[in-house]
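To start, the structure under review is shown below, and the notes come after it.
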Amino acid sequence: MPLDWMDLDAAGEAPAAPLARTSFDERALLENLNDAQRQAVLHGEGPLLILAGAGTGKTRVITRRIAWLVATGRAAPQEILAITFTNKAAGEMRARCAAFFPVKGLWISTFHAMGARILRREIAALGGWTRDFSIYDTYEKNQLLKELVKDLGYDAQRFRPAAIGAWISNEKNRRFEPTLPGTGGPGGVEGEVYAQVRARYDAALKEHNALDFDDLLLKVLELFEAHPLVRDQYAWRFRHVLVDEYQDTNHVQYRLTRHLASRHGNLTVCGDPDQSIYGWRGADIGNILDFERDFGGERAVVVVKLERNYRSTECILEAAQGLIRHNLARKQKELWTDKHSAARVRVLECGDENDEAHAIAARIQQGLAAGRRPDQIAVFYRVNFMQRALELALRLAGVPYQIVGGVEFYQRREVRDLISYLRLLVNPRDDAACARVINVPGRGIGEKSLEELARWARERGLPLAATAGARAARELVKGRARRGLEEFAELLVRLAPHAEGPAAAALEAVLAATDYRRHLGESGEPDVLARRENVDELVSGARQYDQENPEGGLSGYLSDVALVSDVDGFEEESPRVTLMTLHSSKGLEFPLVFIAGLEERMLPHGLALDEDPEGGLEEERRLLFVGMTRAMEELMLTHARMRLHFGETSFQVPSRFLGEIPSEWTEAPEPGEDAGVDDDGPRFVPDEEGEEDASLTLAPGARVEHDHFGFGVVEGVQGRGGSARLTVRFASAGKRVLLAQYARLRVVR
DNA sequence: AAATCCGCGTTTTTT
DNA sequence: ACGCGGATTT
C-alpha cells in the first residue's frame, strides 16, 4: 500500500480549478449495475447509507462511486478518503480504482493505517511523542504490562498481563462512550489495580515514544479534539469520506468518522448489520443501525439497500437466511438470487476431529477430481486450534493448502529481532526493542546486567539504549557484559545513519553489522534453514516496500509491518485450498466451502455465550452467517461427536444452529463407506508404552495397507511414537511420507 | 550466563 | 497436547 507522506501539503486547499470532466468514459462506470447499485454510485452530496447484504456487489459499488466522483469532477483523488477493513482490501480497491483514473493522492487504507499516517505527521502536537514513534503489538504490550505489574509489587499470576491488556484495549475503544452496564471491567480492588497499571502503562508508552494499536485511533481522536485546526485541515481536505464494513466500527472510529466528515458532510458508509462480528473488540452495531438518526442533519440520509445477491445459489442463500432469521434484534432484509442449483447445503456428522478432517479432505479430493481448482475451495472454523487436524489430513491426502493467520511470519524470533533493530534505529527510546536486541547475538549481557542498566536509565529518565553510550552505565557491569555493551554501542553508532534511508538498506546493514546470519547457525537442520529463509523473505519484503513506496522510508516500512493483518497474507491466485477462521473469511468468496466444528460451545462458542448470553449468541449466529454466505456453489457443514480439547476427549452436542438451517443431513459415514474414512481394522496408535511394539511392527520391511494408497512396504521410520514419520513405498501410489499417528495403517502379514 | 526441567494455562475471534 | 515462562541446574 503506497504511503506518500508528503502529499498532505495539499491538505485544506480546494482544487485549483474545476477538474476536467470525464477524462474517461463515464458510461463504463455505470455498466453492469442494477438500479440500487446505480443509485448508490450516483449519489451526489450528503450522507449515504448503503445497506449491502452479503454478495450484493458492495465493493464494486464503492469503487465505481469513487471513480464516478472523480470522473464528474465532484472530487479530486486527493480529496477522497476511503476506509477499508484490511490492508488487502485497501490494496485491491486501489488497484480497481486505478483501472478508472490515476489514483495518486487517493487515500485508501484501514482506520489503523490512516491513524499511523496522520500521527506520523501530527503527533508532536500532543506532546511527548515524535514522528518516529514505534507501534507496540500485543506481544510487546503484554511484556511491558508484565514488567509494570511486577514493578508495582503485584502477582503477575493473579493479575495476568493479557487480561489487563484486553481490559485496557476495551477501555480505549470505548473511551468516549458513556459507560455501558456490565462492561466496566473488574470492580473493587482488582479494578483499582487495573487502573493503576493502565496509568503506568500509558506513561511508559509515552516514555518509549510508542503507541499501541488502539492508540493509533485514540491519539488521532485526541489530536482532533484538542486541536480543532488540525482536525479541520483534514476535514476540509476530504470532500468525500467512504467507510466500508461500517457495522464493525467501534466508538472511537465512529467519532473519527464524524470529525473527518464534519466539514463537507459527504459521508458514505457501507455495511451489513447481519455481518457484525467484532462486538468483542468494541465494535458497536449501533453505529450502523443509528446512522440515519445520527447523520440526518439538514440533509436527510439517503438509504440504499442492496438485496440482490450475485454470489451464491438459491439453496445456500436460503440456508443462510434461514439461520439469520433467528436473530431477533435485526433489520428486515431479504436477499435474493436467480442462481438455481441442485446442490443443497449438506451437513455431515463425524466421529471425532480426525474423522471430520479426513472426511473434508476426501470431499476436497472428490471436488478436485471433478475439476475444481484448489483455490476455489476453503475450509473455515471458529477457533484456530481446529486448524491442526485439518492441516494434517490435507497433508496426508496430498492436497495443497494455505493457512491464513495461524503462526504469523512476524511472530518468528528472527523476524522480531531484526524488526526490533530497525525500530531501535528509528526510535532510540524504544525500550522494548532495545531490551530485545541488546544481547542478540549474545554479548554476555544477561538478565542481571540488563536489570542494572534499566535501573540506571530509569533513575535518569533516559532510554535503555542510552546506557550503551554512557561510560558511567557501562561501568556498572563487569567483564564480558561490559565488553558486550561497548560492542553494542559501537554497533548503534555504525547503524545510526541508516535510520533515514530505505528499509532494505537498513536491514542489510543490520544483518551485516551483527553477522546475524551466522548467529542463526550454519547447520543444515530444517529449523535453521527455515530461519534463514525467513530472513531472506524479510529482506525481499523490505525491498518490495522500498520499490512501491519511495517516500515511505524506514518508519513507513515499520508502520506497514506492524499493521499487517492475517488476511493480508491470503494469496488468492495461489493454487491451494484455503484454511482460515470464520472471522478472517469476511469479504471473501469461494465456490466450495466447508465449515467445521458445528458443535455447541464451539459454534456458538462457549465463552461468547458465558460473557453475554443473548448478544453473544446472536453474534455467533452472524459469524456462521458470514461463513455460509462466502459459498458460491456448494456448502458443507460438519460436526464431530467427540473432540480432543485441552488434551482430553469430550462428547460434543451438535450446534443448535444446525437445526435452524434448511439442509440435507448425511448419515454418519459407516466405517469403510466414506471415501478416505475407515475405522476398520486395527488402527496404529502408538503410545509411550506401545512404542517398542510399534517400532517392531512398523520397522522397515513391514508390509502395510493404507485406505488411500493401498498396499505398501515400510522403508524407513524417523522419530518415535505418534509423531514418527514413516516412509512407505506403495505399489500404486509410489513413495510417501506419512505421520504414524494419522496414517491409519494396517499391518499386513 | 546458558541449558534443562517442570508446571501451568491454554484455545474465541484480531487491528 | 503443547508451549511458554519461571525455576533449577550446570
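All values reported here derive from a predicted model rather than from experimental measurement. We use all heavy atoms of the structure for the numbers below, so side chains are in, but hydrogens, waters and symmetry mates are not. Just so we're on the same page: letters track the sequence lines, and every chain starts at 1.
- Contact check, A:N384 against B:dT13: a side-chain N or O comes under 4.0 Å of OP1 or OP2.
- When each of B:dT15, B:dT12, B:dT10 is scored by its nearest atom to the side-chain atoms of A:H112, the top-ranked nucleotide is B:dT15.
- Rounded to a whole angstrom, the distance from the P atom of B:dT13 to that of C:dC4 is 16 Å.
- Stacking between A:Y278 and the base of B:dT13 is absent under the criterion of ring centres within 5.5 Å and planes under 30 degrees.
- Contact between the side-chain N/O atoms of A:K146 and the OP1/OP2 oxygens of C:dC4 is not found at any separation under 4.0 Å.
- In this structure, A:K88 forms no cation-pi arrangement with A:F570, as its terminal cationic atom is not both closer than 6.0 Å to the ring centre and no more than 45° off the ring axis.
- Between A:Y194 and A:F159, the two ring planes are perpendicular [angle over 60°; tilted spans 30° to 60°].
- Of the candidate nucleotides B:dT12, B:dA2, B:dT15, B:dT15 has the atom nearest to the side chain of A:V567.
- Between A:Y278 and A:H583, a ring centre-to-centre spacing shorter than 6.0 Å is recorded.
- Side chains of A:L464 and A:L453 form a contact here, defined as non-hydrogen atoms less than 4.5 Å apart.
- Using a 4.0 Å heavy-atom cutoff across all strands shown, A:D568 reaches no nucleic acid atom at all.
- The distance between atom CG of A:D155 and atom P of B:dC8, rounded to the nearest whole Å, is 13 Å.
- Contact annotation for A:I445: backbone-only contact, meaning every heavy-atom pair under 4.0 Å involves sugar-phosphate atoms and none involves a base.
- Among the nucleotides C:dG5, B:dT14, B:dT12, the one closest to the side chain of A:L607 is B:dT12.
- In this structure, A:L119 atom CG and B:dT15 atom C1' are separated by 15 Å, rounded to whole Å.
- For the pair A:R621 and A:F657, the cation-pi test (distance below 6.0 Å, angle within 45°) is failed.
- Nucleic acid contact for A:G444: sugar-phosphate only, since backbone atoms but no base atoms lie under 4.0 Å from a heavy atom of the residue.
- Of the candidate nucleotides B:dT10, B:dT12, B:dT15, B:dT15 has the atom lying nearest to any side-chain atom of A:S565.
- Nearest-nucleotide assignment on DNA chain B puts the 5′-proximal partner with A:R382, out of A:V564 and A:R382.
- In this structure, A:R160 reaches the B:dT10 phosphate: one of its side-chain N or O atoms is under 4.0 Å from OP1 or OP2.
- For B:dT14, one of the phosphate oxygens OP1 or OP2 lies less than 4.0 angstrom from a side-chain nitrogen or oxygen of A:S584.
- Considering only side-chain N and O atoms, A:N250 lies nowhere under 4.0 angstrom from the phosphate OP1 or OP2 of B:dT15.
- For A:S449, counting side-chain heavy atoms from C-beta on, the closest listed nucleotide (B:dA1, B:dT13, C:dG6) is B:dA1.
- Results of the side-chain hydrogen bond (donor to acceptor under 3.5 Å, both in side chains) test with A:D248 over A:Q253, A:K586, A:Q275 single out A:K586 as the only residue that passes.
- The only member of A:R656, A:R382, A:R601 that meets salt bridge (Lys or Arg N to Asp or Glu O under 4.0 Å) when paired with A:E620 is A:R382.
- Counting any heavy atom pair closer than 4.0 Å across all strands shown, A:K586 reaches no nucleic acid atom.
- When each of A:E447 and A:F385 is assigned the nucleotide of DNA chain B bearing its nearest heavy atom, the one mapping closer to the 5' terminus is A:E447.
- Taking the side chain of A:H583 as heavy atoms from C-beta on, and the options B:dT14, B:dT11, B:dT15, the nearest nucleotide is B:dT14.
- Nucleotide B:dT15 holds its P atom 11 Å from the CD1 atom of A:I277, rounded to whole Å.
- The nearest whole Å value for the distance from the CZ atom in A:R388 to the C1' atom in B:dT12 is 18 Å.
- Within 4.0 Å (heavy atoms only), A:E611 reaches at least one base atom of the nucleic acid.
- When each of C:dG6, B:dT15, C:dG5 is scored by its nearest atom to the side-chain atoms of A:F213, the top-ranked nucleotide is B:dT15.
- The listed nucleotides are B:dT12, C:dG6, B:dT14; the one nearest the side chain of A:V383 is B:dT12.
- Distance A:K172 NZ to B:dT15 C1': 14 Å, rounded to the nearest Å.
- We find that CZ of A:R281 is positioned 13 Å from C1' of B:dT12, with the value rounded to whole Å.
- Of all non-hydrogen atoms in A:N287 and A:Y246, the two that sit nearest each other are O-CE2, 3.3 Å.
- Per the geometry, OH belonging to A:Y139 stands 9 Å off P belonging to C:dC4, to the nearest Å.
- Here A:F111 lies out of heavy-atom contact (under 4.0 Å) with every strand.
- Here the nucleotide nearest the side chain of A:D566, chosen from B:dT11, B:dT12, B:dT14, is B:dT14.
- In this structure, A:N173 places its CG atom 11 Å from C1' of B:dT14, rounding to the nearest Å.
- Considering only side-chain N and O atoms, A:T138 lies nowhere under 4.0 angstrom from the phosphate OP1 or OP2 of B:dT14.
- Side chain of A:K150, nearest nucleotide from C:dG6, B:dT13, B:dT11: C:dG6.
- Residue ring and nucleobase are stacked for A:H605 and B:dT12, with a centre distance beneath 5.5 angstrom and an angle between planes beneath 30°.
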